[in-house]
**Student:** 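I have a structure here, written as structure tokens, and I will follow up with some questions on it.
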2 protein chains.
Amino acid sequence: MSRNGEGSTERLGLDGKYRESQLPLLIRREGMAELVDGVVRILDRRELPHTIRHLECTTVEEVAVAIEVMAIQGASTLSFAAGYAMAMEAGSDDTDPRALSQRLTLARDRLLSTRPTGIALRRMVDSVFDVAVHSAGTNPGAAAAAYVEESAQLLARQALATGRYALELLDGAGTILTHCFADRALLYLLLEAEQAGREIHVYASETRPFLQGARLTSMSVQEIGHPVTLITDGMGGFLMTRGLIDAFVTAADRVCLDGTICNKIGTYQYAVCAAANEIPYIVLRQNGPDVESRSAADIEIEYRDAHEVLYCGGRRMAPEGVTALYPAFDITPPHLIHRIVTDRGAFASQAIESYFATPAD
Amino acid sequence: MSRNGEGSTERLGLDGKYRESQLPLLIRREGMAELVDGVVRILDRRELPHTIRHLECTTVEEVAVAIEVMAIQGASTLSFAAGYAMAMEAGSDDTDPRALSQRLTLARDRLLSTRPTGIALRRMVDSVFDVAVHSAGTNPGAAAAAYVEESAQLLARQALATGRYALELLDGAGTILTHCFADRALLYLLLEAEQAGREIHVYASETRPFLQGARLTSMSVQEIGHPVTLITDGMGGFLMTRGLIDAFVTAADRVCLDGTICNKIGTYQYAVCAAANEIPYIVLRQNGPDVESRSAADIEIEYRDAHEVLYCGGRRMAPEGVTALYPAFDITPPHLIHRIVTDRGAFASQAIESYFATPAD
């Protein structure tokens, strides 16, 4: 995890500004998914922060399972893995257009079945399908892979812009509370703060049961060099009452046109407490709202295997016979959100639809 | 964990109504602390629900450590262990009154240093000290032990009465959310419901890092026979928004005269969410408010070793170098509390001081 960034020949990160070695692992290409020699190479996040190990997926099924078991996670990040799985499939031997279309339809359906709540996955596999099928005569696999790389670059540039706007908005804030792993937009915010010589103390909520906060967020903040303090998911509200939190900041898996957002389970509780304590809740959403989602009614909450709640660190905690519930996301209404920050600036939640009428930088 | 309760010669539980075998383990004498043949015998709750093992403490220091490491927990329950430790010390060889007083002063100071937030501990060790020292000439150890047993019986009878009042108050409620281990008042509520043929579905919040909800609450509810569903500490608010929770019910480690309560970290967040969703928050406090505490300013929040937050199920989750924070309790203001239920009935939080002017049954 060296960040020295020596040597000008080193590859630039997806954002086009930072070199790969300057970035925390999870927003480097190798920290997400890549297509290397016809194999989808995925960093297995389940082993973090202790072990850096990659899965080498040679079939769409293997990628789908990696997404289902959360070896890779984050709505956009997992969509790259799915996109490369489609590209891998498109690049395999059979170049007959009809057979290609049939294979890619099966691949798309399998990949869409993995995780229902985020919308980036559907956009990615639908787009890659079209790119591959309409690149008849040329190399559909290469065209598809190039599309995924371009999408990842666009998203990183948008996240960098979002991070800058969020840093402006957080002028004067020295501490933030975050929940789950807010990914590239938060990490660019922290990278830009570090470049500006501004320290931001991050309180990371551990985010049971998968512990993205303990494992991914705390690792990434530490790599960038800001102080990070881990808490459990029951502690954020108390810290707010003690004046320790200047802002609550998360990503969002879905942003509806009415300003409702959907994010990792536990977000809603903190949003309610932030409002009760007059602390701004800032949502980072680099590419604006989802045109497919007018309101909360358009969001399907994913329920995952309750097994993960009954176990903690590999040990079963509840007695045999006790059941559990595991909604993976919750929904926060617009009145609890101070600003939704995008690559086009910060919007009041209820005005997020005006994102589309706002020019990009 | 048999609950058949056959045989009329069997010992009655502390409450005087249920036989020991009808009670869930954690409110039987053997599930808390006992003084047996001059040894303080403590059920080690850290091993639950998988292993039922008792610590045999022969010194005050051993009991103090058992309290510190949370082998025994719960403000009242751990006070019994401390009380028996004082009785053990009072019953040891040296019957010279001055030497006894000196020994008990040391024991009291050591026991008071274990956990600062709950007030039952101070009351117990101060009272046992007085009983032992003033029983000059008779057997100070026996007098002290009898005092602890009587205190435990009184508390159990108060908890039974509180459970009955709470059941009345929850008329029509089919589901409750609880946090941490609400102990005897909640368990008597559920026992009385079961006797009345009423099913209450308990959603138990796991309560990281010690997981009292996953390990103690779910076990006890299962023993009584009601359905129990485990969730993580980030999920309760979401369940409230989905109409799954009729009431939020907890115990309290401290109840101030102004209606402020102090309970396990995570309680405040749920109280805020309950208010936002118009769900009543019911606090069970069998013996009324604490005269020692006028308001939140009189409460000392215990900060425990951050190690427990960095680990989950025995495995370290955050990278080396990441720090954590572990406030063990939080504070909920009176306006978020619908009722505080006691052995003398249910009180509006702001009127809890009138408990003292209300006759016991």
Side-chain angles (χ1 to χ4, degrees), chain A residues 48-50 179 203-209 211 213-215 218-219 221-222 227-239 241-242 244 264-270 272-273 275-276 301 306 309-327 329-331, chain B residues 48-50 179 203-209 211 213-215 218-219 221-222 227-239 241-242 244 264-270 272-273 275-276 301 306 309-327 329-331:
Chain A
L48 295 176
H50 304 300
H179 185 61
Y203 287 88
S205 191
E206 64 175 7
T207 319
R208 276 273 295 151
L211 297 166
R215 301 187 304 106
S218 72
M219 178 180 89
V221 176
Q222 193 182 45
V228 55
T229 301
L230 187 66
I231 59 169
T232 70
D233 302 330
M235 294 175 186
F238 173 69
L239 298 192
T241 67
R242 294 278 156 144
L244 289 174
K264 176 58 57 183
I265 189 78
T267 301
Y268 166 75
Q269 294 181 183
Y270 282 157
V272 174
C273 290
I301 298 289
V309 173
L310 296 165
Y311 283 72
C312 201
R315 283 174 61 192
R316 186 178 173 106
M317 291 297 163
E320 292 298 326
V322 169
T323 56
L325 205 60
Y326 181 4
F329 301 92
D330 61 27
I331 289 170
Chain B
L48 294 176
H50 304 299
H179 186 61
Y203 286 88
S205 193
E206 64 176 5
T207 320
R208 277 274 294 151
L211 297 166
R215 302 187 303 105
S218 73
M219 178 181 89
V221 177
Q222 192 182 46
V228 55
T229 301
L230 186 66
I231 60 170
T232 70
D233 303 329
M235 293 177 187
F238 173 69
L239 299 192
T241 67
R242 295 277 157 142
L244 289 173
K264 177 55 59 183
I265 188 78
T267 301
Y268 166 74
Q269 296 181 181
Y270 282 158
V272 175
C273 290
I301 298 289
V309 173
L310 295 166
Y311 283 72
C312 200
R315 283 174 61 191
R316 187 179 172 104
M317 290 298 163
E320 292 299 327
V322 169
T323 55
L325 205 60
Y326 181 4
F329 301 93
D330 60 28
I331 289 172

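Labels below follow one simple rule: chain letters A, B, ... track the order of the sequence lines, proteins then strands, and each chain is numbered from 1.
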**Student:** Counting distance only, does the side-chain N/O of B/Gln269 pair as donor-acceptor with the main-chain N or O of A/Gly236 below 3.5 Å?
**Tutor:**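 Flag set: sc B/Gln269 to bb A/Gly236 pair under 3.5 Å.
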
**Student:** Counting only heavy atoms closer than 4.5 Å, note whether A/Leu239 contacts chain B via side chain, backbone, both or neither.
**Tutor:**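 Just its side chain gets close to chain B.
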
**Student:** Please look at A/His179 and chain B and tell me whether the side chain, the backbone, both or neither of the residue comes under 4.5 angstrom of a heavy atom of that chain.
**Tutor:**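 Looking at A/His179, nothing touches chain B.
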
**Student:** To the nearest 0.5 Å, what is the distance between OH (A/Tyr270) and SG (B/Cys273)?
**Tutor:**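 So the OH of A/Tyr270 and the SG of B/Cys273 are separated by 11.0 Å.
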
**Student:** Count the heavy-atom pairs under 4.5 Å between each of B/Val272, B/Thr323, B/Asp233, B/Asp330 and chain A, then report the option with the highest count.
**Tutor:**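 Ranked by contacts with chain A, first place is B/Thr323.
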
**Student:** Which one of A/Pro319, A/Gly266, A/Pro209, A/Ala214 has the most heavy-atom pairs closer than 4.5 Å to chain B?
**Tutor:**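 Of the candidates given, the most pairs with chain B belong to A/Pro319.
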
**Student:** What residue in B/Gly321, B/Pro227, B/Gly213, B/Pro327 has the most heavy-atom pairs under 4.5 Å with chain A?
**Tutor:**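 Greatest number of close heavy-atom pairs with chain A: B/Pro327.
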
**Student:** Name the option with the most non-hydrogen atom pairs under 4.5 Å to chain B; the candidates are A/Phe329, A/Tyr268, A/Tyr203.
**Tutor:**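 Result: the option with the highest number of such pairs is A/Tyr268.
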
**Student:** Could you report the tightest heavy-atom contact between B/Glu206 and A/Val309, atom names first, then the distance?
**Tutor:**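 Heavy-atom minimum between the residues: OE1-O, 4.0 Å.
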
**Student:** For chain B, which of A/Val221, A/Leu211, A/Leu310, A/Ile265 has the most heavy-atom pairs under 4.5 Å?
**Tutor:**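 Heavy-atom pair counts peak at A/Ile265.
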
**Student:** Do you know which of A/Gln222, A/Glu320, A/Arg315 has the most heavy-atom pairs with chain B at a distance under 4.5 angstrom?
**Tutor:**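 The option with the most such pairs is A/Gln222.
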
**Student:** Quick one: does A/Met317's side chain get under 4.5 Å of B/Leu230's, heavy atoms only?
**Tutor:**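 Contact flag for A/Met317/B/Leu230 side chains = no.
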
**Student:** With a 4.5 angstrom heavy-atom cut-off, which part of A/Ser218 approaches chain B: side chain, backbone, both or neither?
**Tutor:**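 Contact with chain B: backbone and side chain both.
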
**Student:** Only pairs of heavy atoms separated by less than 4.5 Å count here; which of A/Thr229, A/Ile231, A/Ile301, A/Thr241 has the most with chain B?
**Tutor:**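 Most pairs with chain B among the choices: A/Thr229.
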
**Student:** With side chains defined as the heavy atoms from C-beta onward, is the minimum distance between B/Arg242 and A/Ile331 less than 4.5 Å?
**Tutor:**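 Heavy-atom side-chain distance check passes, below 4.5 Å.
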
**Student:** If you compare all heavy atoms of B/Thr232 against all heavy atoms of A/Arg208, which two are closest, and at what distance to 0.1 Å?
**Tutor:**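 Shortest heavy-atom separation between B/Thr232 and A/Arg208 comes out as OG1-O, 3.9 Å.
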
**Student:** Shorter than 4.5 Å, heavy atoms on both sides: which option in A/Gly314, A/Gly313, A/Ala275 has the most such pairs with chain B?
**Tutor:**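 Option with the top pair count is A/Gly313.
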
